[in-house]
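Whatever order the structure lists them in is the order used to number ligands and atoms, beginning at 1. Starting from 1, each residue takes its place in the sequence as its number. All values reported here derive from a predicted model rather than from experimental measurement.
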Amino acid sequence: MQHFPIFVALAGRRVVLSGGGEAALAKLRLLMKTEAHLTVFAPEPAAEIETWEREGKLRLMRRAMEPGDATCAVLFYAADEDAAEDARTVALARADGALANIVDNLADSQFITPAIVDRDPVTVAIGTEGAAPVLARAIKRDLEERLPSGLGALARIGKAFRRFAEALPHGRPRRDFWADYYFKEGPRAFDAEGAEGAQAALDGLLEQHLNAAEKPGHVHFVGAGPGDPELLTLKARRALDEADVVIFDRLVAPEILELCRREAQMVDVGKEAFGPSTAQEDINRQIVEHGRAGAQVVRLKSGDPTVFGRLDEELDAVTEAGLAYTIVPGVTAASASVAAIGQSLTKRGRNASVKLLTGHDMKGFADHDWKTMARPGEVAAIYMGKKAARFIQGRLLMHGADPETPVTVIENASRPDQRVLAARLSTLATDLSEAEMAGPALTLFGLAPRAAEAAAQELIKEAL
Ligand code: SAH
């Protein structure tokens, strides 16, 4: 982000503009929506500017700018549409300490003016840093259609009511009240009876919420999926939108954390496979504490919460504390990984069952039924299998698995930096260490990427 969006307080402050043509008119129309004191320098101003001066909307100086003319100005616009004159006026304004913008000259401007959707006091600013003005206009059009024209009025009425709403306890009760006003009662009442209706709706709602019983805490165990935010379920999205507290693991993608409610308290209990981590008891304790305090807690786990996520221990803690909970399933890494290589986890005539197994457990490398797995056609999705690769390889070979069995490792499945390593059982450990995978990786035993598999079959046919 090269430009940081902020809203500048302009009420009663000075804004200076140099120019009297089309560019000046366009900027002045925007600036006149504010409560700034506008001064325009223009030797030959357009007729509209003279009218605005007569109406008292701005001060007009019928001359070119001189040193000191931008004293105390917060913002300055160079709108003479003449490169040399713009450079001259900007230098003067900057010497006076104003932040300067040259119309249609991004590179030499200290700030830029976004596309604006105006539902005062609700203002949406859209910027593309000059990369795609067409896109900014399209987004503006879209929002203009979507945001009801009464939204500004609703917000103004709501703003005046804020001090009364303070009668409600801080946090969720107050948020629920405002959500009811802005998304349910407010628009309905405003459409039917205008401002007076909206005002009456506020009074009624406050009464209702003051008498409402306090909402108890709730814990949502939510699957964040493998990383791609588009793989979140709608239920997961809603839980993130409504969360008071989000307790998340290391593997949850930053793009997904971005989707959590802005005001939510974010608690990182990141578990590094072999490194430092928050103890499970500590995680359980935090979930319970926040739930007991009445919060909507989201326990956000990568993939599906029921797969290698120590969910049961957390569920036990939550039920023991008498808290209500919901489990929101997610797309597990195995599903995202087979999708990435164009394969299916089960296949008629090849494997009627599939194993999800972990490379290591609390005691170290995990033992499994290697003999069954070693049979031809078996498919297994191995989680946390990178460090255990040599161990798994050894066990399977020892139990008679074909060294040529395809094994595919998918790193960062569904993420932009996804990588696929196609190996054989005999080369798995060496191939993996050469690939230096630092991200989360899932090992698919018994499956090759579809394209590689087709090519191999072609070779066999040729050899025959
Ligand atoms: N509950 C999670 C698994 C947690 S265990 C799920 O259902 O996916 C953590 C392991 O999951 C990692 O070591 C890795 O093997 C796997 N994993 C998680 N996200 C992954 C991703 N985007 N790509 C590949 N493997 C992933």
Within-shell test, [X] vs ligand 1, heavy atom, strictly < 4.0 Å:
{"X": "R415", "value": "yes"}
{"X": "S302", "value": "yes"}
{"X": "A441", "value": "yes"}

What residue pairs, at least two apart or across chains, pass ring pair (Phe, Tyr, Trp, His ring centres under 6.0 Å) with a residue in residues 425-445? none
Could you tell me how the ring of Y181 sits relative to the ring of W178: parallel (under 30°), tilted (30 to 60°) or perpendicular (over 60°)? perpendicular
Fit a plane to each ring of F161 and F164, take the angle between them on a 0 to 90° scale, and name the class: parallel (under 30°), tilted (30 to 60°) or perpendicular (over 60°). tilted
Using heavy-atom distances, let me know which of T443, L311, V307, I382 sits nearest atom 1 (N) of ligand 1. V307
Checking heavy-atom distances from atom 23 (N) of ligand 1 to each of G309, A413, S335, the winner is A413
Grab the two heavy atoms, one from R262 and one from E258, that are nearest each other, plus how far apart they are. NH2-OE1, 3.6 Å
Pull out every atom of ligand 1 sitting under 4.0 Å from any heavy atom of [X], numbered as shown with elements.
{"X": "I410", "result": "24 (C)"}
{"X": "L251", "result": "9 (C), 12 (C), 18 (C)"}
{"X": "Y383", "result": "3 (C), 6 (C), 8 (O), 11 (O), 15 (O), 16 (C)"}

Judged by atom type as modelled, is there a donor-acceptor pair below 3.5 Å linking the side chain of E129 to the main-chain atoms of Q2? yes
Using a heavy-atom cut-off of under 4.0 Å, does the side chain or the backbone of T358 touch ligand 1, or both, or neither? neither
